Asker: 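The following block contains the structure, expressed as structure tokens.
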Amino acid sequence: MKSSDFEFLKLEQNQNRVSVLTINRPDKLNALNRSVLHELDQLFQMLRSDPKTGVLIITGAGEKAFVAGADIKELSSLTKQQGESLSASGQAIFDQIESFNKPVIALINGYALGGGAELAMACHIRIATENALIGLPEVSLGLIPGYGGTQRLPNLIGKSKAMEMILTGQPIKAEEALNIGLVNHVASTADAMGYTVNLAEKMLKNGPLALEKAIEAINSVYSTNSYTKEATLFGQLCNTNDFREGTNAFLEKRNADFKGN
Ligand code: COA
């Protein structure tokens, strides 16, 4: 498979071994449906041994969004088993990103919600544009984050603030994300790609094996994460009326009326 075979991913590679991967589904704010996830899985497998990629930058197509989450239309019909299995496979793909053998930088150019925030958190470093909004709104759909967000967010910003973000479901702006350590740097939309490429080039001056082992060593600090628990709970919620109500309310463009069952 070649990178040009992908329907929803665009890969551009420069001479200096900086590759830019764009999630390209702008009419749905780059929401992660099954095909996008599958393509991400394929591409990361391909790029592991690709000599033209030394650092990978991930961003979203269009002016509005990095990624506005998992595809809510697809989510809405999940059974308990399907929910658990979708969560586990999303976790495995994002784990592949987190344990990638070369640095991965998220360039958050707008909304990074739900699965979009989880994708950004799986990357090694996050740069945000000034208009970025980052959040985990799953509880507003009667769900919890299922692609590693309940584990990675407290690792990145601490339990207390992670509880606040996940339990309110409210997104935060780029500046606050910077203050709490969720992103590394904020830049204007015009400057963000230049800044990110420059950061990538600084990394590329270093030994590639050392970069790989540094990523592996840092990741080992967080090796006790409970991803299985997250997938089980995500699956259980797919069996509830609140989940049907939450996802249907989004699709019908109305507020959800949760009954707690
Ligand atoms: N899944 C599926 N479709 C999505 C989506 C998602 N997560 N996020 C956006 N879209 C679709 C919308 O349904 C809409 O499609 P349509 O034109 O066919 O109706 C299109 O993308 C544009 O989104 P829209 O809601 O019209 O844009 P907006 O600027 O008014 O609002 C958001 C932007 C991000 C605030 C809003 O789209 C939103 O809340 N998205 C869902 C976020 C979310 O809950 N993510 C977590 C999922 S687990």
Side-chain angles (χ1 to χ4, degrees), residues 7-8 22-40 58-80 82-91 93-94 106 108-122 128-153 162 165-174 177 182 189 227 230-231 233-240 242-258:
E7 184 182 353
F8 297 115
T22 305
I23 317 269
N24 193 18
R25 203 188 167 211
D27 55 324
K28 298 289 177 192
L29 304 185
N30 307 318
L32 302 173
N33 62 13
R34 279 196 169 76
S35 306
V36 180
L37 284 175
H38 177 70
E39 290 188 1
L40 275 173
I58 306 184
T59 195
E63 314 269 290
K64 271 170 84 169
F66 174 70
V67 168
D71 190 301
I72 298 173
K73 192 152 194 247
E74 274 188 5
L75 290 184
S76 63
S77 60
L78 290 176
T79 63
K80 181 177 170 208
Q82 289 167 335
E84 186 170 338
S85 135
L86 178 73
S87 171
S89 65
Q91 288 172 354
I93 295 163
F94 285 10
I108 306 172
N109 58 319
Y111 292 113
L113 301 175
E118 292 176 294
L119 171 62
M121 288 192 280
T129 55
E130 285 163 340
N131 66 330
L133 266 184
I134 306 173
L136 292 159
E138 284 87 346
V139 291
S140 70
L141 302 167
L143 269 179
I144 57 170
Y147 296 160
T150 64
Q151 309 299 301
R152 289 196 179 96
L153 190 63
M165 280 185 72
I166 291 177
L167 299 184
T168 63
Q170 293 297 308
I172 58 171
K173 293 183 177 163
L182 183 53
T189 304
Y227 291 113
E230 183 188 77
L233 297 172
F234 184 92
Q236 283 173 7
L237 286 166
C238 291
N239 223 10
T240 64
D242 279 358
F243 160 70
R244 305 267 169 243
E245 169 61 10
T247 48
N248 286 332
F250 174 80
L251 296 171
E252 291 160 16
K253 302 190 190 284
R254 62 174 172 81
N255 290 327
D257 179 17
F258 294 120

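Ligands are counted one by one from 1 in listed order, and the atoms in each one are counted from 1 as well. As a basis for the values below, the full set of heavy atoms in this structure was taken, side chains included, without hydrogen atoms, waters or symmetry mates. All values reported here derive from a predicted model rather than from experimental measurement.
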Asker: Compare every heavy atom of Glu118 with every heavy atom of Gly146, then report the nearest pair and how far apart it is.
Answerer: N-OE2, 3.3 Å

Asker: Looking only at heavy atoms of Glu74, does any of them come nearer than 4.0 Å to an atom of ligand 1?
Answerer: no

Asker: To check your reading of the model: name the closest protein heavy atom to atom 26 (O) of ligand 1, its residue, and the distance in Å.
Answerer: Lys253 NZ, 4.3 Å

Asker: One pair to check against side-chain contact (heavy atoms from CB on, under 4.5 Å): Glu138 and Ile166. What are the steps and the verdict?
Answerer: CA-CA 8 Å; Glu138 284 87 346; Ile166 291 177; over 6 Å; no

Asker: Quick check against the 3.5 Å criterion: does Asn30 have a side-chain atom that pairs as donor or acceptor with the backbone of Arg25?
Answerer: yes

Asker: Give me the nearest non-hydrogen protein atom to atom 24 (P) of ligand 1 as residue plus atom name, then the distance to 0.1 Å.
Answerer: Leu29 CD1, 4.5 Å

Asker: For ligand 1, indicate whether the residue Asp27 contacts it via side chain, backbone, both or neither (heavy-atom separation under 4.0 Å).
Answerer: backbone

Asker: Nearest protein heavy-atom contact for atom 39 (O) of ligand 1: which residue, which atom, what distance?
Answerer: Phe250 CE1, 3.7 Å

Asker: For atom 33 (C) of ligand 1, decide whether some protein heavy-atom distance is shorter than 4.0 Å.
Answerer: yes

Asker: Look at atom 2 (C) of ligand 1 and say which protein heavy atom is nearest, naming residue and atom and giving the distance to 0.1 Å.
Answerer: Ile72 N, 3.5 Å

Asker: Note the single closest protein heavy atom to atom 45 (N) of ligand 1, along with its residue, its atom name and the distance in Å.
Answerer: Ala68 O, 3.0 Å

Asker: Taking Asp71 for its side chain and Ala31 for its backbone only, find out whether a donor-acceptor pair lies under 3.5 Å.
Answerer: no

Asker: Using a strict 4.0 Å cut-off to heavy atoms of Leu113, name the atoms of ligand 1 that fall inside it.
Answerer: 34 (C), 42 (C)

Asker: Quick test of your reading of the structure: of Gly169, Ala112, Ser140, Ala70, whose heavy atom lies closest to atom 6 (C) of ligand 1?
Answerer: Ala70

Asker: Quick check on contacts: which atoms of ligand 1 are under 4.0 angstrom from a heavy atom of Lys64?
Answerer: 27 (O), 28 (P), 29 (O)

Asker: Could you tell me the residue and atom name of the protein heavy atom closest to atom 3 (N) of ligand 1, and the distance to it rounded to 0.1 Å?
Answerer: Lys28 CD, 4.2 Å

Asker: Is the backbone N or O of Asp257 less than 3.5 Å from a side-chain atom of Glu245, with the two atoms forming a donor-acceptor pair by type?
Answerer: yes

Asker: Check the side chains of Asn24 and Thr22 for a donor-acceptor pair under 3.5 angstrom, ignoring hydrogens and angles.
Answerer: no

Asker: I'd like to know if the side chain of Gln151 pairs up with that of Glu230 as donor and acceptor (distance under 3.5 Å, no hydrogens or angles considered).
Answerer: no

Asker: Is there at least one protein heavy-atom neighbour under 4.0 Å from atom 15 (O) of ligand 1?
Answerer: yes

Asker: Which bit of Arg25 is near ligand 1, meaning a heavy atom under 4.0 Å away: side chain, backbone, both or neither?
Answerer: neither

Asker: Quick check: are there more than 12 heavy atoms from other residues, nucleotides or ligands sitting under 6.0 Å from CD of Gln82?
Answerer: yes

Asker: Looking only at heavy atoms, which two atoms of Gly116 and Phe66 are closest? And how far apart?
Answerer: O-CE2, 3.3 Å

Asker: So which of Gly114, Pro137, Gly69 gets nearest to atom 43 (C) of ligand 1, if we judge by its closest heavy atom?
Answerer: Pro137

Asker: Looking at Arg244 and Cys238, would you say the former's side chain and the latter's main chain have a donor-acceptor pair under 3.5 Å?
Answerer: yes

